[in-house]
Amino acid sequence: MSTESSATAPTAIAVTSPLPTPATGTALAALGVVTFSLTFPATAWGLESFGPWTLVALRCVLAALIAGGCLLALRVPLPARAHRPGLLVVAAGVVVGFPLLTTLALGTSTTAHAAVVVGLLPLTTAVCSALRVGTRPSRAFWAAAVTGAAAVIAFTAQQSGGAVTGADLHLFGALLVCAAGYTEGGRLARVMPGWHVIGWALVLCLPLAVAGGAVALAYEPVRVTAHGVVGLVWVAAVSQFLGLVVWYRGMATIGIPRASQLQLAQPLLTLVWSVLLLGEHLPVAAPLTAVAVLVCIAVTQRARS
């Protein structure tokens, strides 16, 4: 396959494959949020069987094999050279950085606590988008976004007693790298199919993941359980690939800032899963936070960006 054809094919696909309607784009982004909301509980299950470094490496390897198989089966050409730096940002932020930092955090933090901290992701993504893509959301949008973030911060502070832990530092770092990856992925999804974005980002990380997995397996013990296997399969196939496919498609349709605000609901969904799947206690403040977050989502979806 020639370099010239690989450089032009993605743009041609984007031109002949129109984006879905705004309603469909919102539904796709929302579906992505639902799949992401199960990531922390699935990671907690995975940690029952694997060490954090092993889990992240195996997660990346399996997801890359699935993505690479799809790319090969459909004979998708290599991405254009101009898109490869952006794909590296997606790989560093979404494929490696966020999974690794959140998995390390969940070694000492509950999924409920991690979920509310990562609830700040919509605001960090919107800020990153404004800086990188040049979007200029309205004042109403920013007011609702900041209000939603403030509600999440208050919830987090109330649960942790105002202290910043090592797990929190991992989670704050995850926010920054994931926001960069989401922003770059959303930008690329406007010129190439969203599943190509995450697919090629995963393939780029495959050699590193294989090497990292080999080293991790030599130092971290493995104790296979049903929960551990299910957790690994979910974070690899769904959280790392299928969820991001629909997420990037939705972001390309309705815009990065608006799509990112749908993630305000993600920590609340994760709280529900943490109760149902892990037996954690739902914080008393969760219903109040849910109301505040849902109001903010409604405002941001109506505000002109």
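Worth saying up front: this structure is predicted, and the values here are computed from it rather than measured.
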Kindly indicate, with the supporting measurements, whether the criterion side chain to side chain contact (heavy atoms under 4.5 Å, CB included) is fulfilled by V118 and F36.
CA-CA 11 Å; V118 174; F36 298 154; over 6 Å; no

Go through the steps to decide whether F172 and L101 satisfy the test side chain to side chain contact (heavy atoms under 4.5 Å, CB included), and finish with yes or no.
CA-CA 9 Å; F172 291 143; L101 291 171; over 6 Å; no

Does the pair L100 and W53 meet the rule for a side chain to side chain contact (heavy atoms under 4.5 Å, CB included), with working shown?
CA-CA 7 Å; L100 178 59; W53 294 88; 3.7 Å; yes

Carefully, step by step, assess L47 and L106 under the rule side chain to side chain contact (heavy atoms under 4.5 Å, CB included).
CA-CA 9 Å; L47 288 172; L106 286 172; 4.1 Å; yes

Trace of the ring-ring contact (aromatic ring centres under 6.0 Å, His included) decision for W247 with Y182:
CA-CA 9 Å; W247 171 246; Y182 277 172; 5.5 Å; yes

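For the atom pair OG1 of T270 and CG of L277, the computed distance is 10.5 Å after rounding to the nearest 0.5 Å. To the nearest 0.5 Å, atoms CZ (F50) and CG (L55) are separated by 7.0 Å. Taken to the nearest 0.5 Å, the CH2 atom of W273 stands 13.0 Å off from the CG atom of L268. One finds the OG1 atom of T183 at 11.0 Å from the CG atom of L188 (value rounded to the nearest 0.5 Å). Between L38 atom CG and W234 atom CH2 the span is 5.0 Å, to the nearest 0.5 Å. With rounding to the nearest 0.5 Å, the separation of CG in L121 from CG in L171 is 11.5 Å.
Taking each heavy atom of L217 and T54 in turn, the nearest pair found is CD2-CG2, 3.4 Å. A pairwise comparison of heavy atoms in A63 and A236 identifies CB-O, 3.2 Å as the closest pair. Closest heavy-atom contact between P99 and T102: O-OG1, 3.2 Å. In plain terms, the two heavy atoms of L78 and W200 that are nearest each other are CD2-CH2, 3.7 Å. The nearest pair of heavy atoms linking L278 to A44 is CD1-CB, 4.0 Å. Nearest approach of V177 to G97, heavy atoms of both residues: CG2-C, 3.9 Å.
Criterion: ILVMFWY side-chain heavy atoms under 4.5 Å apart, direct or through other members. Under it, V61 and L71 are not part of a common hydrophobic cluster. F241 and L31 are members of different hydrophobic clusters when ILVMFWY side chains are connected at heavy-atom separations under 4.5 Å. The same ILVMFWY cluster, assembled from side-chain heavy atoms under 4.5 Å apart, contains both V222 and L232. In terms of hydrophobic clustering, with Ile, Leu, Val, Met, Phe, Trp and Tyr side chains grouped at heavy-atom distances under 4.5 Å, I198 and L206 are assigned to different clusters. L204 and I66 end up in the same hydrophobic cluster when Ile, Leu, Val, Met, Phe, Trp and Tyr side chains are linked at under 4.5 Å.
Looking at T35, its side chain does come within 3.5 Å of a backbone N or O of G32 through a donor-acceptor pair. Here the side chain of R223 pairs a donor or acceptor atom with the backbone of E48 at under 3.5 angstrom. For R84 (side chain) and P79 (main-chain N/O), a donor-acceptor pair under 3.5 Å exists by modelled atom type. Checked by atom type and distance alone, the side chain of S37 never pairs as donor or acceptor with a backbone atom of Q266 at under 3.5 Å. Between the side chain of S49 and the main chain of G46, no donor-acceptor pair closer than 3.5 Å is present. Not a single donor-acceptor pair under 3.5 Å links the side chain of Q240 to the backbone N or O of R59.
Relative orientation of the W45 and H227 rings is parallel, given thresholds of 30° and 60° on the angle between their planes.
With contacts defined as side-chain heavy-atom distances shorter than 4.5 Å, the pair T253/L28 does not qualify. R249 is not listed as a side-chain neighbour of V245, based on a closest heavy-atom distance of 4.5 Å or more. Side-chain contact check for C128 versus E184: every heavy-atom pair is 4.5 Å or farther apart.
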